[in-house]
Amino acid sequence: MAGLVRYPRPEPQATDKPLVAATMFGVTTPCVERARETLERAGCEVLVFHATGNGGQAMESLISDGLIAGVLDVTTTEIAD
């Protein structure tokens, strides 16, 4: 934690893969898994978040921090929550 506070985030390297965040929840798992395979073949790294509670909050935090290049929000259950 101290390192995160003391040192600024390094500039992205040309070899870094774009990060894509995806939401997943039970019934949407097959869809997200298929999309993840496609995105990874296209050169992206996919971070999957459980679509309730802390998962959605963590994803939103990474998006706000500018670390996520794209979002695959297949599971919109938090809207109802």
Test log, rule side-chain contact (heavy atoms from CB on, under 4.5 Å), inputs I63 and V71: CA-CA 9 Å; I63 293 166; V71 177; 3.5 Å; yes
Close side-chain approach of L47 and I68, heavy atoms under 4.5 Å: yes
Side chain proximity check, F49 to L62, heavy atoms < 4.5 angstrom: yes
M59 side, atom CE; N54 side, atom CG - distance, nearest 0.5 Å: 13.0 Å
Shortest non-hydrogen separation from V46 to R36 and the atoms involved: CB-CG, 3.7 Å
T38 side chain to R34 backbone, donor-acceptor under 3.5 Å: yes
Heavy-atom closest contact (P18 atom, G43 atom, distance): CD-O, 3.5 Å
Any side-chain heavy-atom pair of E33 and M24 under 4.5 Å: yes
Short side-chain to backbone donor-acceptor contact, T28 and V74, under 3.5 Å: no
Interatomic spacing from SG in C31 to CG in L72 - rounded to 0.5 Å: 6.5 Å
